[in-house]
Amino acid sequence: MAITEKKRKLITRTLSALIITVVILPSYFLDDGSYLYWDLRFGFLMALIEFATVICNSRFVPLHSDEYAVTTFVLVELLACLFCSDQLSVELIGGCIFVCVVTDVFAYLMGTFCGGTLIKKRPFPKISPNKSYEGLIFGISCGIIGAYVWTLFLRNADTPVPFWRFAIVAPLAVFGDLLESRFKRLYDVKDANDFIIDVPILGWLEKPLGGRDGHGGYLDRLDSLAIALLAQLALELLFL
């Protein structure tokens, strides 16, 4: 019996999430989490390469201020995460990763199986037409629950992080995903890694992440985390 497109994408995303978890999770516990910073640097460096590749392979020239703003903001957040993420604690970064993953996974699952069932209208038809209100609400709700779970996980830590620092990550994760969707639509790409997938070494590093099957590369996977870490960096700098 042939596997439907919906099931194939679900399997791809599930396997990709497991691969990412296997790669990242040990770095959180090794050497007091110092390896996690190197994982992040590598990921955001790859995302920056993808960003540059998308720009260089596109004939699009931004014409309006919002188009310049989107491109500039994506570049700034990637650079900030690459060079300044070590200003955040491992516990805070780990929580951001956890909440982003929970938000993304549950929004995708609800949107895949129930999207458009209760509310026919789409929340962002021009930017991300496949997103549904069901997936959006369920994803953010589960992300906030995930934030509470992570806060409990850190309750005995030397420097516990307040719940609200993780709770704001859930809506930020959705915003980051929409921002990157807008960026890709400006430059007419579906998955950012379509350009880099054929590059030796970098290509086979990305194939476990889904390749052209719709899961995207580093830029697609780090869009939610980038905006979450940028917000946390701003909080550290301005208020805390």
Check your understanding: Considering only heavy atoms from C-beta outward, does the side chain of Leu40 approach that of Leu225 to under 4.5 Å?
Key -> yes

Review point. Would you call Leu92 and Phe166 a side-chain contact if the rule is heavy atoms closer than 4.5 Å?
Key: yes

Exercise for review: Answer yes or no: is there a side-chain heavy-atom contact under 4.5 Å between Thr71 and Tyr187?
Suggested key: yes

Point to revise | Donor-acceptor contact below 3.5 Å, side chain Glu134 vs main chain Ile119 | key: yes

Point to revise | Residue pair Ile93 / Leu36, side-chain heavy-atom distance below 4.5 Å | key: yes

Practice item. May I ask whether Trp150 and Val161 are part of the same hydrophobic cluster, defined by side-chain heavy atoms of I, L, V, M, F, W, Y residues being less than 4.5 angstrom apart, directly or through others? Key: yes

Review point. Is it the case that one hydrophobic cluster holds both Val99 and Leu152, taking links as side-chain heavy atoms less than 4.5 Å apart, direct or via other members?
Key: no

Practice item. Rounded to the nearest 0.5 Å, what's the gap from CD1 on Ile137 to CE on Met110? Could you check? Key: 9.5 Å

Practice item. Tell me, please, which residues at least two apart from Tyr35 pass side chain to side chain contact (heavy atoms under 4.5 Å, CB included). Key: Ser27, Leu30, Asp31

Check your understanding: Would you say Arg182's side chain and Leu179's backbone share a donor-acceptor pair under 3.5 angstrom?
Key -> no

Check your understanding: Between Val149 and Phe153, does a side-chain contact (heavy atoms from CB on, under 4.5 Å) hold up when you go through it step by step?
Key -> CA-CA 6 Å; Val149 171; Phe153 174 71; 5.7 Å; no

Practice item. Please tell me if the side chains of Arg41 and Asp86 come closer than 4.5 Å, counting only heavy atoms from C-beta onward. Key: yes

Point to revise | Basic-acidic side-chain contact under 4.0 Å: Glu236, Arg165 | key: yes

Check your understanding: Measuring from Glu50:CD to Leu222:CG, what's the distance to the nearest 0.5 Å?
Key -> 8.5 Å

Point to revise | Beyond-backbone contact of Ile145 with Val102, side-chain heavy atoms, under 4.5 angstrom | key: no

Check your understanding: Is there a side-chain contact between Leu118 and Tyr133, using heavy atoms and a 4.5 Å cut-off?
Key -> no

Practice item. With rounding to the nearest 0.5 Å, note down the distance linking CD1 in Ile227 to SG in Cys81. Key: 8.5 Å

Exercise for review: Report the distance from atom CH2 of Trp38 to atom CG of Leu45, rounding to the nearest 0.5 Å.
Suggested key: 11.0 Å

Point to revise | ILVMFWY cluster, Leu186 and Val74 together (side-chain gap under 4.5 Å) | key: yes

Review point. Backbone N or O of Asp223 within a donor-acceptor pair of the Glu180 side chain at under 3.5 Å?
Key: no

Check your understanding: Are Phe175 and Phe98 joined in one hydrophobic group, where the rule is that I, L, V, M, F, W and Y side chains link up if heavy atoms are under 4.5 Å apart?
Key -> yes

Exercise for review: Using the six-membered ring wherever Trp is involved, compare the ring planes of Phe183 and Phe51 and label them parallel, tilted or perpendicular (cut-offs 30° and 60°).
Suggested key: parallel

Exercise for review: Quick one: pull up CG in Leu230 and CG in Leu235 and give me the separation to the nearest 0.5 Å.
Suggested key: 10.0 Å

Exercise for review: May I ask you to decide if His64's main-chain N or O and Glu67's side chain share a donor-acceptor pair within less than 3.5 Å?
Suggested key: yes

Review point. Does any pair with a residue in residues 114-125 pass salt bridge (Lys or Arg N to Asp or Glu O under 4.0 Å), and if so which ones, sequence neighbours excluded?
Key: none

Exercise for review: Give a yes or no answer on whether the side chain of Thr72 reaches the backbone of Tyr68 with a donor-acceptor pair at less than 3.5 Å.
Suggested key: yes

Review point. Given side chains that start at C-beta, do those of Leu233 and Leu237 come closer than 4.5 Å, heavy atoms only?
Key: no

Check your understanding: For the side chain of Thr151 and the backbone of Ala147, is there at least one donor-acceptor N/O pair under 3.5 Å apart?
Key -> yes

**Study point:** Taking every non-hydrogen atom, the tightest pair across Ala231 and Leu172
**Key:** CB-CD1, 3.5 Å

Practice item. Evaluate side-chain contact (heavy atoms from CB on, under 4.5 Å) for Arg221 paired with Tyr218, printing each intermediate quantity in order. Key: CA-CA 5 Å; Arg221 290 301 89 213; Tyr218 293 93; 5.8 Å; no

Point to revise | Derivation and outcome, side-chain contact (heavy atoms from CB on, under 4.5 Å), residues Leu48 and Leu75 | key: CA-CA 8 Å; Leu48 276 167; Leu75 176 61; 3.9 Å; yes

Review point. Just how far is it from atom CD of Gln232 to atom OG of Ser85, taken to the nearest 0.5 Å?
Key: 12.5 Å

Check your understanding: Ile97 and Leu219: same hydrophobic cluster, using ILVMFWY side-chain contacts below 4.5 Å?
Key -> yes

Point to revise | Phe44/Leu229 under side-chain contact (heavy atoms from CB on, under 4.5 Å): CA gap, chis, key distance, verdict | key: CA-CA 12 Å; Phe44 282 111; Leu229 292 183; 4.0 Å; yes

